[in-house]
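Below is one structure, written out as C-alpha cells; the observations come after it.
Since the structure is predicted, the reported quantities are computational estimates derived from the model, not experimental observations. The sequence lines fix the lettering, A, B, ..., with proteins before strands; numbering per chain opens at 1.
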Protein chains: 2
Amino acid sequence: MEIMGLKSSCKNCPYKTLVFDALDNEELDFIDNSRKEILYKRGEVIAEEGNLIKEFLYLKTGLLKVYRKGRGNKNQIIRIAGASDFVSLLSMFSNEKYKYSLSALEDTVVCVVDAEKIKNLVKTNGEFALDVIGRMSYTYDEIIDSTYRIRQKQLRGRIAHILLYFSKTVYKKKRFELPLSRREIAELINMTTENVIRILSEFRKDKIIQIEKKTIIIIDKGRLEKINKTG
Amino acid sequence: MEIMGLKSSCKNCPYKTLVFDALDNEELDFIDNSRKEILYKRGEVIAEEGNLIKEFLYLKTGLLKVYRKGRGNKNQIIRIAGASDFVSLLSMFSNEKYKYSLSALEDTVVCVVDAEKIKNLVKTNGEFALDVIGRMSYTYDEIIDSTYRIRQKQLRGRIAHILLYFSKTVYKKKRFELPLSRREIAELINMTTENVIRILSEFRKDKIIQIEKKTIIIIDKGRLEKINKTG
DNA sequence: TATTAGATATGATAATTATCATAACATTGA
DNA sequence: TCAATGTTATGATAATTATCATATCTAATA
C-alpha cells in the first residue's frame with residue numbers, strides 16, 4: 001500500500017462515471033480537496049469486514065474481490081469489482097461497519113474520500129442521490145443475479161460461467177490472466193478447490209481451453225457456452 | 001385482488017415505518033392523495049418480473065414472496081417480506097422493469113403510490129433519500145447474508161435454518177402455519193421438493209418438530225439450532 | 001359427487017460432489 | 001540456497017443429493 005501524490009483531479013478524471021455528472025464544479029472540488037489516492041498491490045487488504053466505514057472508496061483502476069467470512073475459515077467471494085466501481089457503496093448507507101472485506105486482485109488504485117462528504121452530497125443534491133441509489137441497486141441486483149444463476153448450475157456449468165465472465169465481461173479477450181487462484185474460484189462459485197482444478201484440467205483435456213500457468217485461452221467458446229447453459 | 005375503500009391516512013398509519021419520519025405533513029399528503037390500498041388473497045400475483053414499474057408498493061399487512069424465474073420453469077425465491085416492507089424498492093431505482101415477481105403468501109394489504117412521487121421525494125428531501133437508501137441497502141444485505149449462509153449448509157442445515165427463520169423472525173412463536181408449500185421451501189433454499197419432504201419427515205420422526213398439516217410445532221429448539229449451525 | 005391436478009410421502013437407485021491421500025511444482029523468506 | 005508453505009494436480013473412496021417410480025391424500029372444480 002502506498003499513498004500517491006495527486007496529479008489529477010476529479011473534474012477531468014478519465015475514470016469518472018456518469019454518477020458524478022450530477023455534481024457541479026464546486027461539489028467536485030468539495031470531494032477533491034480531501035481526496036487521497038492509494039495504490040494497493042495484489043493481495044493487500046483494502047477494507048476489512050467489521051471495521052468502521054470512515055471513507056468512501058472509488059476504484060479508479062485495477063481489480064479487487066469483495067468477500068465475507070463464511071463457515072470454518074472459508075471465505076465467500078461475493079463479487080469482483082473493476083475500474084470505476086463504487087466499491088464501498090454496499091452497506092455504507094445501512095451500516096456503520098463494513099459487511100464485506102475488499103482485497104486487491106491486481107495492482108489497484110483507490111480514491112478515498114471522507115464518507116460523510118458523500119452522504120452530505122446525497123442529502124443536498126437530489127440528482128446525485130438518485131444516481132447513487134441507482135448505481136447501488138444495480139450492483140446489488142447483479143450480485144443476486146449471478147449468485148442465483150450459479151446456484152442452479154452443476155460444477156461444470158459454474159466453471160464455464162466464470163471463465164466466460166472473465167473473458168467476456170472483465171477482460172474482453174479470449175486470452176487472459178486468471179486473477180483468482182483455484183481456491184478463490186472455489187470461494188466465488190461455491191465448490192471445492194479440488195473440483196475447480198479437476199474440471200479445469202478436464203476442459204483442457206477436452207480442448208475447450210488452454211492453460212499456461214495463470215493464463216487461460218478459450219479455444220472452443222461455443223462449447224463453453226453450451227456447458228454454461230446446460231451444465 | 002380487491003381495491004379497498006380508504007379509511008386510513010399515512011399520517012396516522014400504525015404500519016408506518018421510521019423512513020416516513022423524514023416526511024412532513026404536506027409530503028405525506030402528497031403521497032396520500034393518490035394512494036390506493038389493495039387486498040390480495042393467498043396465491044395472487046402482485047407484480048411480475050419484466051413488467052414496467054409504475055408504482056411504489058408498500059406492504060401494509062400480510063406476507064409475500066419475492067422470486068425470479070430460474071432454469072427450466074423453476075422459480076427461485078429470493079426473500080419473504082412481511083408488514084411494513086418496501087417491497088418494490090429493489091430495482092425500482094436501477095431498472096424500468098421489475099426484476100423480481102411478488103406474490104401473496106397470506107391475505108395481504110398493499111399500499112400503492114405512484115413511483116414518480118417517491119422518486120420526487122427522494123430528489124427533494126435529502127433526509128428521506130438517506131432513509132430510503134439505507135432501507136434498501138439493508139434489505140439487499142439481508143438477502144445476501146441469508147443466501148450465502150444457506151449456500152454453505154447441507155440439506156438438514158437448510159431446513160433447520162428455514163424453520164428457525166419462520167419461528168423466530170416471522171412469527172415469533174414455536175407453533176406456526178407454514179406459509180410455504182414444500183415446493184416453495186425447496187425454491188427458497190435450493191433443494192428438491194422430495195428432499196424437503198423427506199427431511200421434514202425425518203425431523204418429525206426424530207421428535208424435533210411436530211407436523212399437523214400446515215402447522216409446524218418446534219419441540220426441540222436446541223437440536224434444531226445445533227443442526228442449523230453444523231448441518 | 002366424481003374427477004382431476006397438485007401436494008405430500010417414501011423407497012430404490014443413479015448422479016453428483018466432497019473428502020482424504022499423495023505428489024509435483026512454485027514461491028517466499030530466512 | 002534451502003526449507004517451508006501454499007498451489008496445482010490426480011486418484012480412490014465416501015458422503016451427499018437428485019432423479020425416478022409409485023402411492024396416498026387434499027383441494028379445487030365441473
Roughly how many Å is it from NZ in Lys205(B) to C1' in dT8(C), rounded to a whole number? 12 Å
Which of dT17(C), dT26(D), dA18(D) is nearest the side chain of Thr192(B)? It is dA18(D)
With a 6.0 Å cut-off on the ring centroids, do Tyr67(B) and Tyr100(B) count as close? no
To the nearest angstrom, the CG-P distance between Leu200(A) and dT8(D) comes to 10 Å
May I ask you to check whether Tyr15(B) and Tyr58(B) place their ring centres under 6.0 Å from each other? no
Mind checking if Ile197(B) touches a base, just sugar-phosphate, or nothing, with heavy atoms under 4.0 Å? base
Please determine if a side-chain N or O atom of Lys214(B) lies less than 4.0 Å away from the OP1 or OP2 oxygen of dT8(C). yes
Check this one for me: any side-chain N or O of Thr193(B) less than 4.0 Å away from OP1 or OP2 of dA7(C)? no
Nearest whole angstrom, please: distance from the P of dT8(C) to the CZ of Arg204(B). 13 Å
Can you tell me how far P of dT17(C) sits from CE of Met191(B), to the nearest Å? 16 Å
Between dG11(C) and Arg198(B), counting only base atoms on the nucleotide and side-chain atoms on the residue, is there a donor-acceptor pair under 3.5 Å? yes
Nearest whole angstrom, please: distance from the C1' of dT26(D) to the CG of Leu178(B). 16 Å
In whole angstroms, how far is the P atom of dA15(C) from the CD atom of Glu194(B)? 16 Å
Is Lys97(A) atom NZ crowded by more than 12 heavy atoms from other residues, nucleotides or ligands, each under 6.0 Å away? no
With nearest nucleotides of DNA chain C determined for Lys213(A) and Lys74(A) from heavy-atom distances, which residue corresponds to the more 5′ nucleotide? Lys74(A)
With a 6.0 Å cut-off on the ring centroids, do Tyr138(B) and Phe93(A) count as close? no
Against the side chain of Ser181(B), the closest entry in dC20(D), dT8(C), dT17(D) is dT8(C)
OP1 or OP2 of dG6(C) less than 4.0 angstrom from a side-chain nitrogen or oxygen of Arg183(B), does that happen here? no
Rounded to the nearest angstrom, tell me the gap between atom CD in Gln154(B) and atom P in dT16(C). 19 Å
Are more than 12 heavy atoms, taken from residues, nucleotides or ligands other than Arg68(B), located less than 6.0 Å from that residue's CZ atom? yes
When the distance from CZ of Phe203(B) to C1' of dA9(C) is rounded to whole Å, what number comes out? 17 Å
Under-4.0 Å side-chain N/O to phosphate OP1/OP2 contact, Asn195(A) with dA18(C): yes
